[in-house]
**Student:** 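Structure incoming, see below.
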Amino acid sequence: MNLNPEAAPEEVSAIYRDHGWMPAASCSTSDPPRHTQVRALLSKLFTTAKVRSMVPHIRETAHHLVDGFMTGGECEFVNSFSHPLPMIIIAEQIGVSTRDLDTFKEWSDAIVEMFGMMISRQRQLECARLIVDMQHFFKQQIDLRREHPQDDLLTILADSRYENGQEIPMNELLTIVTVDLLASGNETTTAGISSGTMLLAEQPQLLATLKAEPELIPVFVEEVLRLESPAQGMFREVVKETTLGGTFFKPGDILSLRFGAANRDEAEFPDADQVNLQREKPGKHLAFGVGRHHCIGAPLARQEMLISFQVLIQRLEDIRLKYPAKAHPYTPSFFGRNLQALDIEFKAAR
């Protein structure tokens with residue numbers, strides 16, 4: 001399925017088939033038994049204890065990134081902070097050099113753009129070739145880990161089998177690394193940090209409140225996730241006859257479940273278009289999905305967003321848009337809500 005009339009699935013498949021590996025369904029787009037197998041494997045990688053142990057390094061990384069632009073009084077925030085922070089963290093956990101962040105971003109963007117279903121035929125082919133390059137890079141890294149184990153996720157995955165003892169085929173292993181870890185581990189968090197910072201730049205009183213009451217920052221994180229919903233929706237297949245909102249659906253029908261719309265439902269969230277730091281049960285939104293497809297990386301994403309806003313609010317004052325009259329560009333996508341750039345000005349906190 002593609003929203004662009006220039007969709008080229010056969011040509012894209014040929015690139016994967018002839019030059020790389022045909023990607024498997026990701027954890028978020030698969031059903032049992034594959035979904036059960038992949039989720040069981042991923043759940044071992046991001047336990048509560050594991051995420052808790054990462055907190056000092058996430059905070060250190062956030063401060064280091066702010067050090068890089070704070071004295072300038074302005075920055076393009078996506079490239080300066082919201083993209084590199086989650087990318088650095090997930091790259092280090094996977095076990096690859098952060099010197100290659102620009103390449104990883106190019107690869108990650110290729111995955112997300114293909115998933116967004118709104119790119120031209122030419123860009124689809126470009127993205128497929130980039131994904132194949134990424135596959136070969138990580139295939140080499142997996143082979144190296146099998147010969148020389150290290151303390152990283154690649155080593156764990158290289159030696160893993162599914163719970164039933166089945167060997168993980170290479171195309172499935174590469175999908176886990178490239179889609180479920182690298183791309184999923186940074187793109188939505190980048191979007192959340194970017195969107196939250198834009199809200200702070202647009203609403204001075206919000207920033208002032210959070211500076212005065214930093215204990216409200218966790219609620220702010222949940223409101224950003226609800227209001228901006230980095231993952232706006234997901235396709236799901238109807239498995240039994242059902243009626244929703246007066247519309248009948250039969251097995252096999254494909255629905256696009258719009259998490260972003262549900263998160264602005266006035267019946268569930270009064271004043272849904274506003275940030276409400278006193279909202280009851282602020283975490284009951286659908287930004288991370290629900291049920292067995294609830295995002296397995298949610299604890300890490302929340303922690304990265306929380307620490308990012310804590311550090312930014314502590315160290316910066318008078319955050320504002322550099323070009324307040326300028327429309328902010330978003331990556332064209334049927335699913336995601338990703339700011340491409342965010343130019344801000346600020347003062348260093350005293």
Side-chain angles (χ1 to χ4, degrees), residues 3 28 82 115-118 187-238 242-249 253-295 297-299 301-302 305-306 308-309 313 319-321 324-325 327-340 342:
L3 300 181
S28 63
S82 62
F115 194 68
M117 305 192 321
M118 294 182 69
E187 290 285 349
T188 51
T189 310
T190 291
I193 296 172
S194 299
S195 294
T197 302
M198 185 167 71
L199 291 173
L200 295 176
E202 291 175 331
Q203 303 180 40
Q205 184 54 48
L206 182 59
L207 177 61
T209 299
L210 292 172
K211 270 190 171 295
E213 302 178 72
E215 67 273 13
L216 292 176
I217 295 177
V219 180
F220 175 65
V221 169
E222 300 303 331
E223 281 289 87
V224 171
L225 289 166
R226 180 192 65 78
L227 191 63
E228 295 296 319
S229 298
Q232 288 281 301
M234 194 72 67
F235 283 129
R236 291 290 182 256
E237 181 178 351
V238 176
T242 189
T243 299
L244 294 174
T247 300
F248 174 76
F249 298 99
D253 286 345
I254 302 297
L255 305 184
S256 175
L257 304 185
R258 307 308 296 172
F259 306 144
N263 284 339
R264 292 190 179 218
D265 184 350
E266 287 283 347
E268 289 291 328
F269 306 100
D271 299 318
D273 291 340
Q274 305 297 320
V275 173
N276 181 356
L277 298 179
Q278 305 303 323
R279 194 177 297 281
E280 295 184 12
K281 299 180 180 179
K284 72 171 186 176
H285 54 74
L286 300 179
F288 291 116
V290 68
R292 67 173 173 234
H293 281 287
H294 183 270
C295 176
R302 279 190 165 103
M305 290 180 66
L306 174 63
S308 293
F309 293 129
I313 289 168
I319 302 173
R320 58 198 181 277
L321 300 177
H328 293 91
Y330 286 82
T331 300
S333 175
F334 188 58
F335 292 106
R337 183 168 172 79
N338 298 67
L339 275 166
Q340 292 179 332
L342 179 65

**Student:** What distance separates Phe309 CZ from Thr197 OG1, expressed to the nearest 0.5 Å?
**Tutor:** 4.5 Å
**Student:** Kindly give the heavy-atom pair with the smallest separation between Gln340 and Pro332, and that separation in Å.
**Tutor:** NE2-CD, 4.0 Å
**Student:** With side-chain contact (heavy atoms from CB on, under 4.5 Å) as the test, would you mind laying out the steps for Met305 and Val224 before giving the verdict?
**Tutor:** CA-CA 10 Å; Met305 290 180 66; Val224 171; 3.9 Å; yes
**Student:** Is the number of heavy atoms from other residues, nucleotides or ligands under 6.0 Å of Glu280 CD greater than 12?
**Tutor:** no
**Student:** To the nearest 0.5 angstrom, please state how far the CG atom of Leu286 sits from the NE2 atom of His294.
**Tutor:** 9.0 Å
**Student:** If you compare all heavy atoms of Pro270 against all heavy atoms of Glu268, which two are closest, and at what distance to 0.1 Å?
**Tutor:** CD-O, 3.7 Å
**Student:** Is it true that a side-chain atom of Thr190 and a backbone atom of Ser82 form a donor plus acceptor pair closer than 3.5 Å?
**Tutor:** yes
**Student:** Heavy atoms, side chains only, cut-off 4.5 Å: are Phe334 and Ser256 in contact?
**Tutor:** yes
**Student:** So do the side chains of Thr331 and Leu339 get within less than 4.5 Å of each other, counting heavy atoms only?
**Tutor:** no
**Student:** Taking side chain as C-beta onward, heavy atoms only, is Leu227 less than 4.5 Å from Arg264?
**Tutor:** yes
**Student:** Taking the side chain as everything from C-beta on, heavy atoms only, tell me whether Asn338 gets closer than 4.5 Å to Thr188.
**Tutor:** no
**Student:** Have a look at Glu222 and tell me which of Arg302, Arg279, Lys281, Lys284 forms a side chain to side chain donor-acceptor pair (under 3.5 Å) with it.
**Tutor:** Arg302
**Student:** Quick check for you: to the nearest 0.5 Å, what is the distance between Phe220 atom CZ and Asn276 atom CG?
**Tutor:** 13.0 Å
**Student:** Between Phe235 and Phe335 (judged by ring centroids, cut-off 6.0 Å), do the two rings come close enough to count as a pair?
**Tutor:** yes
**Student:** Any heavy-atom pair between the side chains of Glu237 and Asp253 that's under 4.5 Å?
**Tutor:** no
**Student:** Does the cation-pi check pass for Arg226 over Phe269, that is, NZ or CZ under 6.0 Å from the six-membered ring centre and within 45° of its axis?
**Tutor:** yes
**Student:** Are His293 and Met234 side-chain neighbours, meaning at least one heavy-atom pair lies under 4.5 Å?
**Tutor:** no
**Student:** Measuring from atom CG of Leu306 to atom CD1 of Ile193, what distance do you get when rounded to the nearest 0.5 angstrom?
**Tutor:** 10.5 Å
**Student:** Taking all atoms of both residues into account, what is the closest heavy-atom pair of Leu206 and Leu199, and its distance?
**Tutor:** CD2-O, 4.2 Å
**Student:** With Arg337 as the cation and Tyr330 as the aromatic partner, state whether NZ or CZ is under 6.0 Å from the six-membered ring centre and within 45° of the axis.
**Tutor:** yes
**Student:** How long is the gap from NZ on Lys211 to CG on Leu216, to the nearest 0.5 Å?
**Tutor:** 14.5 Å
**Student:** Do Gln205 and Thr209 meet the criterion of a side-chain donor-acceptor pair at a distance under 3.5 Å?
**Tutor:** yes
**Student:** Please round to the nearest 0.5 Å and tell me the distance separating atom CZ of Arg258 and atom CD of Gln232.
**Tutor:** 6.0 Å
**Student:** Can you give me the closest heavy-atom contact between Ala287 and Ala231, atom names plus distance?
**Tutor:** O-CB, 4.4 Å
**Student:** Check whether any side-chain heavy atom of Glu228 sits under 4.5 Å from a side-chain heavy atom of Asn263, and report yes or no.
**Tutor:** no
